[in-house]
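Quick notes on the structure that follows.
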Amino acid sequence: MTFNELSWEALAFGAFTILTLGGALGVVFNRNLVRGAVWLVVSLFGVAGFFVLLSAPFLAAVQVLVYIGAIGILFTFAVMLTRSMTNLSERFNKQAWLSALAAVTLFLLILLAVIAPIFGEIAAPSSEVVATTEDLGVALVSGDKFVLPFEVASLLLTAAMIGAIVIAREED
Amino acid sequence: MGCDNIINTFAPCLSSSLGVPIEIANFIGIFLGVIIVASFPLLVAIALIWTERKFAARIQDRLGPNRVGVFGLLQPFADVIKLLGKEDITPAGADRPIYNAAPVVSVVSVLLIWAVIPFTPIHVGVDLSIGALYFLAVASLGTLAIILAAWASNNKYALLGAFRVVAQLISYEVPLALALLVPVMIAGSMSLVSIVEAQAGMWFVVSAPIAAFLFFISAQAETGRAPFDLLEAESELVAGYNIEYSGMKFAMFFAGEFMHVFTNAVLMAVLFMGGYLGPFVDQIPMLGLVYLLIKASFWYLLSLLMRNALPRIRIDQLMLFNWLFLVPLSVVNLLVTALLLMIVREVGLAPDDPRSFVDNIPQTIVLFLGNAALFVVVMSMVRNRFRAQRLAETQTDDLLPATAGD
């Protein structure tokens, strides 16, 4: 067999990795914030690709819808409204070292979490069944699963929305 | 294996007759499929340009294009040759890569929708289990293309146009998505093929007319066509977001818009009028494409009529219409439909055989009556509101027109 399933998946994985990491580097190194936002969209698109590879098409579509369709546009829009931000002369700001420290610590922690299990016993996958969108929907509202986090998240979003309305409201 | 059904047996036949490895034959098969699916809307767009120009001309009491070819049928080709010959201008201070990429993203965002549209019972690009959500996700890329085009042009009129676009397109995505949920709920699936098959007994336009209306209106607004054409609004913004574009790049935005209008018509046919379903489709699958195009043409011509017959509305009216009328109506419609569907299923009126017309009648009657009741309530509310407004105007004898908001 010249092209087996695995090699196609590996190719796609490589392509999405390049998109994700390349886009992320573009965000960090670009002085033009609108271009940075475009690179962010590229990076998020790569993440959507990973979701497809992980047999989670629902999450992939939500990733594109929410992160690219909504947040990407919001970022671009916010940057455009503050024109002086579109061309930054400084690449580093005053908090550069602090944020570098935070980013490296976080990265090392994640790296540890990913690499550490490799040396232990190989755990069996928690489930053989590929979950469908219906399973996800049921899990979000069933009492013994994720109903509490789901409701807390909804409450948080509602609070944020009310806050936005209060800020945006004209004084009577 | 017979080589008569080209779609399912293309790859095996190619590999057996020419000795190509099956993996490469599969790849070629998929590749050709992608090319066909992506070219189809582009080819249709050529016919659409002619239709649109003729239709608009007749409404405006003109003849329309009639010099190039019979009935002016070759006019689109002449247009394309003219556009190809035009100078390709990039304004000074433009962000070149983004400026060049934006028209492509705009067209691609529409072409990608066609990947999930079922043309006939056996010809589907991909039957995604999340087809309806995929449509929303992909369509949102178009907004990004427009805003980037405007920003990259380095032109204030373009940017003004883009600010309106974001406000308009993001607002109208809300009723669009909520209306889309209704056929998804009735069919019990987000796959477009399942939605079409669920209409074998009864078209959803009968059981969910309000959702069809909401989807049609918001889709018209998503394409930025009159009466919602504020993103171009020639008399105010010169041309809106695409003012700096010329030649083929300009044409790509327009091709994207033409295809978007037709794509929405096709989606209306798929979601509410049974897509490819029709007599004898089981025997001759290609008939499905004919039915789909006929149904889509109905919605397309309705959309053209709306574009040409209605005046443009103001930006505040546009926003009020969306947030005070379409969004509340779509939320209530969603809740009412969900409740009625639940009641129908609990009482046992749900069709035993979804493909049978007779079995679908009780459920359809309940849903239709629910829609009709909602329609009456909403219309009387609108009537009372505007009557009160008119009375207030005549009493104060105010010469200034009242703003739509209060």
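The basis for the numbers below is simple: all heavy atoms, side chains too, and nothing from hydrogens, waters or symmetry mates. Per chain, numbering begins at 1; letters A, B, ... match sequence-line order.
For CZ of B:F163, the number of neighbouring non-hydrogen atoms (other residues, nucleotides, ligands) closer than 6.0 Å is greater than 12. For A:Y67, the OH atom counts as loosely surrounded, since its 6.0 Å shell holds 12 or fewer non-hydrogen atoms of other residues, nucleotides or ligands. Residue-environment remark: CH2 (A:W39) stays at or below the threshold of 12 foreign heavy atoms within 6.0 Å. For B:F325, the CZ atom counts as densely surrounded, since its 6.0 Å shell holds more than 12 non-hydrogen atoms of other residues, nucleotides or ligands. Annotation: B:Y99, atom OH; neighbour count of heavy atoms from other residues, nucleotides and ligands within 6.0 Å is above 12.
For the residue pair B:S140 and A:I73, the shortest heavy atom distance occurs at O-CD1, 4.0 Å. Contact record, A:F58 with B:I130: CA-CG2, 3.9 Å, taken as the closest heavy-atom pair. B:S129 approaches A:P57 most closely through the heavy-atom pair OG-CG, 4.2 Å.
Residues A:V34 and B:D95 fail the side-chain proximity criterion, which asks for heavy atoms closer than 4.5 Å. Under the 4.5 Å side-chain criterion, counting only non-hydrogen atoms from C-beta, A:V64 is not in contact with B:V138.
Proximity to chain A (any heavy atom under 4.5 Å) is restricted, for B:I170, to the side chain, taken from C-beta onward. When heavy atoms are compared at a cutoff of 4.5 Å, A:V66 does not approach chain B at all.
The CG atom of B:L144 sits 8.0 Å away from atom CD1 of A:I68, with the distance rounded to the nearest 0.5 Å. For the atom pair CD1 (B:I147) and CG (A:L74), the distance works out to 9.5 Å, reported to the nearest 0.5 Å.
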